[in-house]
Amino acid sequence: MGFIVRLLITTVLVVLLANILPGVHVDNYTTGLWVAVALGLLNMFLKPVLVLLTLPATILTMGLFLLVINACIIQLGAYFVDGFVVNGFWYAMLFSIVLTFCQSIVNGFLQKDEPRRG
């Protein structure tokens, strides 16, 4: 699945979840697109560093500390993107969990339709 398709899926999910979940607000679809780009870049460049630095805490909590890292990435994205507001850490964690769950469901459906290589 192409990068553009995943970006558009994330954009639609961000806007839908912002309308459903309390404590998360997105102004419009353009802001949703910028949120998707910001989250993609933060997950690509910053998240690996944070995971490496917090490896002892992640091992101690059997991976649950990754939820905290994801919530921090969401809050950092809200800091960088105007029009994207998250009203606290717990709302960021809820948004992160639901967004990841929805992305995995949509990606699972889309990967079934793709022809397999090999």
Q: Quick one: side chains of residues 59-66, donor-acceptor pairs under 3.5 Å with protein atoms, not counting sequence neighbours, listed by atom name and distance.
A:
unit_1: Thr61; atom_1: OG1; unit_2: Ala57; atom_2: O; d: 2.9
unit_1: Thr61; atom_1: OG1; unit_2: Thr58; atom_2: O; d: 3.4
unit_1: Thr61; atom_1: OG1; unit_2: Phe65; atom_2: N; d: 3.1

Q: Quick check for you: to the nearest 0.5 Å, what is the distance between Leu8 atom CG and Arg6 atom CZ?
A: 11.5 Å

Q: To the nearest 0.5 Å, tell me how far Leu99 CG sits from Leu94 CG.
A: 11.0 Å

Q: With hydrophobic residues grouped by side-chain heavy-atom distances under 4.5 Å, do Val85 and Trp90 end up in a single group?
A: no

Q: Set out, in order, the CA-CA distance, both residues' side-chain angles and the distance that settles side-chain contact (heavy atoms from CB on, under 4.5 Å) for Val98 and Ile20, then state yes or no.
A: CA-CA 11 Å; Val98 175; Ile20 294 171; over 6 Å; no

Q: Is there a continuous path of hydrophobic side-chain contacts, each under 4.5 Å between heavy atoms, that joins Ile97 to Val68?
A: yes

Q: Report yes or no: does Ser104 contribute a side-chain atom to a donor-acceptor pair with the main-chain N or O of Phe101 at less than 3.5 Å?
A: yes

Q: Show me the donor-acceptor pairs, under 3.5 Å and distance only, between side chains in residues 35-48 and residues at least two apart or in other chains.
A:
unit_1: Asn43; atom_1: ND2; unit_2: Leu39; atom_2: O; d: 3.1
unit_1: Lys47; atom_1: NZ; unit_2: Asn70; atom_2: OD1; d: 2.7

Q: Can Val12 be reached from Val26 by stepping across I, L, V, M, F, W or Y side chains whose heavy atoms are under 4.5 Å apart?
A: no

Q: Search all heavy atoms of Gln75 against all heavy atoms of Ala92 and return the closest pair with its distance.
A: CG-CB, 3.7 Å

Q: Evaluate Tyr91 against Ile74 for side-chain contact (heavy atoms from CB on, under 4.5 Å), listing each step before the verdict.
A: CA-CA 10 Å; Tyr91 289 117; Ile74 296 291; over 6 Å; no

Q: Please indicate whether Phe95 has more than 12 foreign heavy atoms, meaning atoms of other residues, nucleotides or ligands, lying under 6.0 Å from its CZ.
A: yes

Q: For the backbone of Ser96 and the side chain of Thr100, can you confirm whether one donor and one acceptor N or O come within less than 3.5 Å of each other?
A: yes

Q: If you count every heavy atom of other residues, nucleotides or ligands that lies below 6.0 Å from Asn19 atom CG, does the total exceed 12?
A: yes

Q: If every non-hydrogen atom of Gly32 is compared with every non-hydrogen atom of Val14, which pair is closest and at what distance?
A: CA-CG1, 4.3 Å

Q: Under a plain distance cut-off of 3.5 Å, with no hydrogens placed, do Thr31 and Asn28 share a side-chain donor-acceptor pair?
A: yes

Q: When rounded to the nearest 0.5 angstrom, what is the spacing between CD in Gln103 and CD1 in Ile9?
A: 8.5 Å

Q: When rounded to the nearest 0.5 angstrom, what is the spacing between OG1 in Thr11 and CG in Leu16?
A: 11.0 Å

Q: Just wondering, are more than 12 heavy atoms of other shown residues or ligands nearer than 6.0 Å to OH in Tyr29?
A: no

Q: Is any side-chain heavy atom of Val24 closer than 4.5 Å to one of Leu17?
A: no

Q: Under a single-linkage definition using a 4.5 Å side-chain heavy-atom cutoff for Ile, Leu, Val, Met, Phe, Trp and Tyr, are Trp34 and Tyr79 assigned to the same hydrophobic cluster?
A: yes

